[in-house]
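Notes follow the structure.
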Amino acid sequence: SNEIRRTDHLENTFEQGFTYADQGILDILEIPMIYGRRETALAEPNTMVVTKKISDKFFPGENPLGKVMILNNDIHKTYRITGVIPDFPPTSHIRYDFFLTLSGFQLWPGEREAWGNYNYYTYVLLKPGASAARLQSKLGLIETKYFIPEARRDGVPDPDEIARKAHILLQPISSVHLEAIDDELPHGDPRFIWLFGAIACFILIIASINFVNLATARSANRAKEVGLRKVVGCLKSDLIHQFLAESLVISFLSFILGILLAWILTPYFNLLTAKSLVFPWREWWLLPVTFGAALVTGVLAGLYPAFYLSAFKPIRVLKGNLSRGSKNSLLRNGLVVFQFTTSIALIIGTLVIENQMQFILHRKIGFNKDQVVLLEGMNTMNARQVTIFKNELLRIPHVVKASASDFLPVSGTPRNQNPFFKAGAGSETNEVDGQGWLVDADYIPTLGMKMVEGRNFSPDIPSDSQAVIINQSMAAKLHLQNPVGARITNDPHDPKGPIYHVIGVVQDFNFESMRDQIGALCLHLGQGSSTISVRIGSKDMGAALGSISTIWKQFNPNQPIRYTFLDKRFAEMYDDVTRTGRIFTSFAVLAIIVACLGLFALSAFMAEQRLREIGIRKVLGATAVGITSMLSGGFLKLVLVSIVLASPLAWIFMNRWLRDFAYSIHISWWMFALSGLIALFIALGTISFQSIRAALVNPAGLLRSE
């Protein structure tokens with residue numbers, strides 16, 4: 001992220017999507033050019049390539065080649081546009097809009113020549129016919145020939161051990177989206193693809209079960225048709241073909257309607273999943289896959305009804321000895337149980353995900369995320385201006401505290417991983433990997449953290465420049481019995497390296513996702529330059545923001561204010577959990593609707609088959625309540641069986657899902673009870689309409705012809 005502007009404009013614009021790249025990225029990916037020459041676009045220092053979207057935004061209707069832009073109000077950071085490329089499609093893993101040249105750039109002297117540096121991802125174009133596996137096997141030579149000797153020259157204690165743990169890996173571009181790499185870009189999770197694909201298949205199976213249930217239940221209605229066809233010479237194979245053809249017609253029509261609905265609902269699905277999927281009308285596989293799926297579904301759904309209906313004996317049918325409805329209620333009941341088992345499991349999953357999300361948002365996380373405004377874009381000021389700006393903010397009556405730091409306990413902010421050792425002889429064996437953050441003296445009180453030992457930083461104590469505050473996890477991992485007063489270092493082998501003395505211990509707080517345990521953390525005294533955290537004491541947030549905006553304009557007249565809220569940034573860390581919950585809810589509702597449609601039709605037919613029985617029972621004194629209970633009881637027993645089967649299955653799968661979180665809820669009994677009650681009420685509501693309707697029929701009309 002950077003503030004950027006044209007040289008002939010005064011006002012900055014905040015943009016995201018910056019990356020450094022060399023000329024090779026354009027050549028290897030063969031990116032087409034709208035303006036400029038691909039062969040030289042990033043070959044010279046202080047040049048950049050932008051996408052068409054950026055070109056149209058800053059230079060509408062112009063050819064931007066040769067135009068110069070300034071980053072972050074720094075006249076030493078000017079970049080000349082040497083190329084314009086098309087916007088990357090949403091299916092690409094590359095999401096950048098600004099490609100700044102690597103020519104002449106390095107983070108520190110010799111940075112790009114160091115073999116132990118891994119700041120960049122390298123794209124490699126293999127020759128035609130070359131084997132990626134063979135190349136992978138040879139990459140180990142780089143470690144032995146270059147990395148280990150350089151590490152030994154630099155005094156690394158055990159470079160061979162590091163080489164055994166770290167490897168250069170090849171990855172096909174086509175697999176980048178679903179295979180996690182640490183490139184700070186959004187990635188897909190293959191587990192969710194399999195999970196939601198399986199749920200979609202279950203819903204399709206439920207729909208097929210409805211077809212099988214109704215086809216076999218209504219067997220008596222077609223028994224005479226089968227008997228007459230057989231009498232006039234129709235073969236069993238002809239009947240099977242007929243019934244299968246009927247099933248296939250229904251399946252193909254359903255798939256056509258399903259594709260149209262999927263196309264119409266694609267925008268809603270993108271909103272639900274935060275994706276940018278485009279319906280694949282032009283893909284070659286759409287037609288054959290759809291045809292194959294419709295064919296398989298139609299055959300599987302129609303196979304059993306076809307063989308069952310074609311097996312009727314004509315002599316029994318024509319004598320009227322065939323009982324109305326399917327005798328094989330065991331199969332029909334089993335299919336109903338399968339439908340509701342799937343639906344109840346999805347309801348339980350939805351409840352678990354929702355409760356985990358509420359647990360995350362309301363758990364004590366070691367800092368107070370409420371009423372904290374994050375002012376972004378401070379990197380256009382120098383350190384002195386940031387200090388003055390912060391002091392001006394503290395004059396606002398609504399402001400309680402303010403802190404300038406680049407490091408915040410939410411994702412999307414800088415991280416600084418370092419090794420830490422207890423200073424002194426023999427400490428080399430106890431290495432702890434932890435975060436080293438630069439914070440000011442107001443950081444801990446502004447974010448509402450708690451000191452458990454020692455004291456906070458003080459700008460009035462000069463020695464605090466070499467002081468640190470560590471968290472409880474760091475103290476435990478370094479085995480510090482009395483942390484306050486202990487000394488720690490980043491490199492025990494460097495006699496000239498800094499040694500820090502611990503002046504305090506802060507209570508552990510979650511600074512990463514709750515999927516991970518709280519790591520070791522070390523706070524150094526300093527001041528960040530990109531973000532100021534402001535704690536608001538007043539409930540009148542509008543007035544507070546108005547006062548902050550007024551001061552901002554005094555310091556940054558050419559830059560619009562950008563702010564967000566700490567609690568919002570915290571919640572955004574778990575957007576994927578929220579989306580998973582919404583998707584689960586949608587699937588659960590859809591599965592229940594499909595299951596209830598089948599149950600509604602099946603209960604209607606079963607009530608129709610028992611109308612004469614109902615009439616006789618009413619003549620003999622049965623009440624409407626008793627008849628309704630009789631008709632509903634069988635189905636409700638099946639739902640109870642479904643609850644018993646779904647509960648352990650849902651418990652197993654949701655426990656596996658919760659393992660991704662270091663801090664999670666315990667699945668409680670009430671989630672299963674509530675899911676069962678929801679399923680029972682839905683089933684009862686579905687069945688009761690038909691049951692009550694049958695129970696209220698006048699018995700005289702039913703028995704008039706008997």
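Just the heavy atoms: all of them, side chains too, but no hydrogens, waters or symmetry mates, feed the values below. Nothing fancy with the numbering, it's 1 onward along the sequence.
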Spell out, as yes or no, whether a donor-acceptor pair under 3.5 Å connects the side chain of Arg6 to the backbone of Asn12.
no
Of Phe98, Phe105, Phe99, Tyr121, the residue whose pairing with Tyr20 passes ring-ring contact (aromatic ring centres under 6.0 Å, His included):
Phe105
Do Asn510 and Ile518 make a side-chain contact, defined as non-hydrogen atoms from C-beta onward lying under 4.5 Å apart?
yes
Phe269 atom CZ: more than 12 heavy-atom contacts under 6.0 Å:
no
Taken to the nearest 0.5 Å, the spacing of Leu261 CG from Ile256 CD1 works out to 12.5 Å
Between Ser103 and Thr101 the two heavy atoms that sit nearest each other are N-OG1, 3.0 Å
Distance-minimising heavy-atom pair for Met357 and Ala571
CE-O, 4.4 Å
Step by step, work out the side-chain contact (heavy atoms from CB on, under 4.5 Å) result for Met69 and Phe59.
CA-CA 11 Å; Met69 304 192 77; Phe59 305 95; 4.1 Å; yes
Short side-chain to backbone donor-acceptor contact, Glu376 and Arg562, under 3.5 Å
no
Are His93 and Phe88 packed together at the side-chain level, in the sense that at least one heavy-atom pair is separated by less than 4.5 angstrom?
no
Take Val577 and Ile353 through the test side-chain contact (heavy atoms from CB on, under 4.5 Å) and record every step on the way to the result.
CA-CA 7 Å; Val577 181; Ile353 293 172; 4.3 Å; yes
Which of these, Val49, Ile34, Leu29, Val50, sits in a side chain to side chain contact (heavy atoms under 4.5 Å, CB included) with Ile85?
Val49
How close do Trp285 and Pro280 get, counting heavy atoms only, and between which atoms?
CH2-CG, 3.6 Å
Nearest 0.5 Å, what's the CD-CG distance between Gln136 and Leu170?
4.5 Å
CH2 of Trp284: more than 12 outside heavy atoms within 6.0 angstrom?
no
Short question: side chain of Asp87, backbone of Thr51 - any donor-acceptor pair under 3.5 Å?
no
Just so I know, are the side chains of Lys67 and Phe58 near enough to count as touching, which here means a heavy-atom distance under 4.5 Å?
no
Checking Thr290 against Leu287 for the side-chain contact (heavy atoms from CB on, under 4.5 Å) test, could you report, in this order, the C-alpha distance in whole Å, the side-chain angles of both residues, the deciding distance, and whether it holds?
CA-CA 5 Å; Thr290 303; Leu287 186 60; 5.6 Å; no
Backbone N or O of Gly537 within a donor-acceptor pair of the Gln371 side chain at under 3.5 Å?
no
Test Asn46 against Arg80 for side-chain contact (heavy atoms from CB on, under 4.5 Å), laying out the working first.
CA-CA 6 Å; Asn46 296 100; Arg80 178 169 51 90; over 6 Å; no
Within a strict 4.5 Å, meaning less than it, do heavy atoms of the Glu15 and Asp97 side chains meet?
no
Quick one: does any side-chain atom of Asn416 pair with a main-chain N or O of Gly436 as donor and acceptor, under 3.5 Å?
yes
CZ/Arg395 to CG/Leu393 distance, rounded to the nearest 0.5 angstrom?
11.0 Å
Report yes if the side chains of Ile4 and Phe18 come closer than 4.5 Å at any heavy-atom pair, otherwise no.
yes
Please find the pair of heavy atoms, one from Gly519 and one from Phe511, that lie closest to each other, and give the distance.
O-CE2, 3.6 Å
Strictly under 6.0 Å, is that where the ring centroids of Trp552 and Tyr563 end up?
no
Minimum heavy-atom separation for Leu102 to Tyr120, with atom names?
CD2-CE2, 3.7 Å
Going by heavy atoms in the side chains, are Phe367 and Ile365 under 4.5 Å from each other?
yes
Are side-chain heavy atoms of Arg569 and Lys369 found at a separation under 4.5 Å?
no
Distance col, row Asn368:CG vs Thr446:OG1, nearest 0.5 angstrom, shows 11.0 Å
Please confirm whether the backbone N or O of Asp660 pairs with a side-chain atom of Arg515, one donor and one acceptor, at under 3.5 Å?
no
If you measure only the distance, is there a donor-acceptor pair under 3.5 Å linking the side chains of Asn558 and Arg5?
no
CG of Leu271 to CZ of Arg582: how many Å apart, nearest 0.5 Å?
7.0 Å
If I compare all heavy atoms of Thr297 with all of Ser251, which pair ends up nearest, and what's the gap?
CB-OG, 3.9 Å
Is the Phe407 ring parallel, tilted or perpendicular to the Trp437 ring (thresholds 30°, 60°)?
parallel
Does the gap between the ring centers of Phe570 and Phe565 come in under 6.0 Å?
no
With a 4.5 Å cut-off on side-chain heavy atoms, are Phe661 and Ile360 touching?
yes
To the nearest 0.5 Å, what is the distance between CD1 (Ile81) and CG (Leu65)?
8.0 Å
